[in-house]
Visitor: 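This structure is in structure tokens; I'll ask about it shortly.
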Amino acid sequence: MEMLVIPKNNGNKYVIQDKKARVLYSVKKKGFGGRYNLLDASDYNLYTLLQTDEGRKPVFSIILNDETFLKLTIKSLFLDPTITAEGRDMTFSIESKDRKAFRILKNGVHVGDIKTVSMLSGDLQYEIEIENVAFDDYIPLFAVTIDKAFGEINRNK
């Protein structure tokens with residue numbers, strides 16, 4: 001499956017489209033702080049991405065039904081930039097060498113990639129390519145996490 005994640009309003013909203021430019025999901029910032037809701041095409045709230053720690057290496061949680069479903073931790077910002085996502089029965093590692101091209105590993109197996117694309121305007125977009133068997137609705141939130149953790153660094157390069 002292939003998707004494009006397009007930030008809008010300085011990262012307060014994201015539109016997720018398929019390769020035919022059909023809107024699949026949207027991510028909208030809710031209130032103050034780092035809370036983002038993942039909505040399907042009919043505006044039904046599927047997951048919430050919450051930034052739980054704002055230090056040098058931010059920590060995020062993906063919440064489903066008011067419980068933490070996945071905890072995303074930025075392990076490294078500069079040398080081998082990596083995000084780990086740990087849940088009840090799965091572990092993801094989102095790894096890069098340059099903060100722009102990320103490999104998605106689920107339980108140690110490569111299942112997809114997220115590529116950062118710089119537009120002429122200086123804005124960033126994220127291309128997600130993931131195996132159909134590994135896809136779930138929360139996957140676009142990985143690109144939002146990359147934008148929140150590495151976007152400012154990539155824009156200033």
Visitor: In Å and rounded to the nearest 0.5 Å, what is the CD1 to CD1 distance from Ile114 to Ile83?
Guide: 7.5 Å
Visitor: Can you name the residues that form a salt bridge (Lys or Arg N to Asp or Glu O under 4.0 Å) with Lys57, not counting sequence neighbours?
Guide: none
Visitor: For Asp136, enumerate each residue passing the salt bridge (Lys or Arg N to Asp or Glu O under 4.0 Å) test, keeping only those at least two apart in sequence or located in another chain.
Guide: none
Visitor: Are Leu46 and Met3 connected, step by step, through hydrophobic side chains (Ile, Leu, Val, Met, Phe, Trp, Tyr) whose heavy atoms are closer than 4.5 Å?
Guide: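 Yes, because Leu46 and Met3 connect within a single hydrophobic cluster, where side-chain heavy atoms sit under 4.5 Å apart.
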Visitor: Heavy atoms only: give me the nearest Asp80-Lys97 pair and the separation to one decimal.
Guide: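 The answer is OD1-NZ, 3.1 Å.
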Visitor: Do the side chains of Arg99 and Thr116 get nearer than 4.5 Å, heavy atoms only?
Guide: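 No, too far: nothing below the 4.5 Å cut-off.
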Visitor: CG/Leu141 to CG/Asn37 distance, rounded to the nearest 0.5 angstrom?
Guide: 9.5 Å
Visitor: Taking the side chain as everything from C-beta on, heavy atoms only, tell me whether Met90 gets closer than 4.5 Å to Asn107.
Guide: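 Yes - at least one pair of side-chain heavy atoms lies under 4.5 Å apart.
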Visitor: Please give me the minimum heavy-atom distance between Glu131 and His110, naming the atom from each residue.
Guide: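 Closest pair (atom of Glu131, atom of His110, distance): OE2-O, 3.6 Å.
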Visitor: Out of curiosity, Lys13 NZ to Ile6 CD1, how far, rounded to the nearest 0.5 Å?
Guide: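 Separation between the atoms: 11.0 Å.
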Visitor: Name all residues meeting the side-chain hydrogen bond (donor to acceptor under 3.5 Å, both in side chains) criterion together with Asn45; count only those two or more places apart in sequence or in a different chain, and write none if there are none.
Guide: none
Visitor: Between Pro140 and Ile128, what is the shortest heavy-atom contact and its length?
Guide: CA-CD1, 3.9 Å
Visitor: To the nearest 0.5 Å, what is the distance between CD on Glu86 and OG on Ser93?
Guide: 9.5 Å
Visitor: Which pairs pass ring-ring contact (aromatic ring centres under 6.0 Å, His included) with one or both residues in residues 33-74, sequence neighbours excluded?
Guide: Tyr47-Phe69, Tyr47-Tyr138, Phe69-Tyr138
Visitor: Determine, using the 4.5 Å side-chain heavy-atom cutoff (strictly less than), whether Leu4 and Ile94 are members of one ILVMFWY cluster.
Guide: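 No; tracing contacts between hydrophobic side chains, which count when under 4.5 Å, never links both residues.
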Visitor: Please answer whether the main-chain N or O of Lys20 pairs with a side-chain N or O of Asp18 as donor and acceptor at a distance below 3.5 Å.
Guide: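 Yes, Asp18 side chain to Lys20 backbone: donor-acceptor pair under 3.5 Å.
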Visitor: Does Leu49 belong to the same Ile/Leu/Val/Met/Phe/Trp/Tyr cluster as Leu64, with side-chain heavy atoms less than 4.5 Å apart forming each link?
Guide: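 The answer is yes; both residues are in one hydrophobic cluster.
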Visitor: Side-chain contact, heavy-atom cut-off 4.5 Å: Pro81 with Phe150?
Guide: yes
Visitor: Contact between Glu67 and Arg88 at the side-chain level, heavy atoms closer than 4.5 Å - yes or no?
Guide: yes
Visitor: Minimum heavy-atom separation for Thr52 and Ser61, please, with both atom names.
Guide: CG2-OG, 3.7 Å
Visitor: Would the distance check show the side chain of Thr82 and the main-chain N or O of Ser76 forming a donor-acceptor pair, the cut-off being under 3.5 Å?
Guide: no
Visitor: Got a second to check how far Asp113's CG is from Leu105's CG, nearest 0.5 Å?
Guide: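 Output value for this atom pair is 9.0 Å.
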Visitor: Nearest 0.5 Å please: distance from the OH atom of Tyr14 over to the NZ atom of Lys29.
Guide: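 Those atoms lie 9.5 Å apart.
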Visitor: Please check: side-chain N/O of Ser96 versus main-chain N/O of Asp98, any donor-acceptor pairing under 3.5 Å?
Guide: yes
Visitor: Do Met1 and Val27 share a hydrophobic cluster (ILVMFWY, side-chain heavy atoms under 4.5 Å, transitive)?
Guide: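 Met1 clusters together with Val27.
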Visitor: Below 4.5 Å, heavy atoms only, C-beta onward: do Leu72 and Ile62 meet side chain to side chain?
Guide: yes
Visitor: Only one of Ile130, Val111, Val133 clears side chain to side chain contact (heavy atoms under 4.5 Å, CB included) with Lys106; which?
Guide: Val111
Visitor: Please report the closest heavy-atom contact between Lys28 and Asp43, naming both atoms and the distance.
Guide: NZ-OD1, 4.0 Å
Visitor: So Val5 and Phe142, do their side chains get closer than 4.5 Å, heavy atoms only?
Guide: no
Visitor: Contact between Leu124 and Ser118 at the side-chain level, heavy atoms closer than 4.5 Å - yes or no?
Guide: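 SC-SC contact between Leu124 and Ser118 confirmed.
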Visitor: Could you note down all residue pairs passing ring-ring contact (aromatic ring centres under 6.0 Å, His included) where residues 111-136 supplies at least one of them, sequence neighbours left out?
Guide: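 ring-ring contact (aromatic ring centres under 6.0 Å, His included) check on residues 111-136 returns no pairs.
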Visitor: Going by the rule side-chain hydrogen bond (donor to acceptor under 3.5 Å, both in side chains), which residues pair with Asp40 if we only count those two or more places apart in sequence or in a different chain?
Guide: Ser42
Visitor: With hydrophobic residues grouped by side-chain heavy-atom distances under 4.5 Å, do Ile146 and Val15 end up in a single group?
Guide: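 No, Ile146 and Val15 fall in different hydrophobic clusters.
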Visitor: If you define the side chain from C-beta out and look only at heavy atoms, does anything of Ile74 sit under 4.5 Å from Lys148?
Guide: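 Counting from C-beta outward, Ile74 and Lys148 never come under 4.5 Å.
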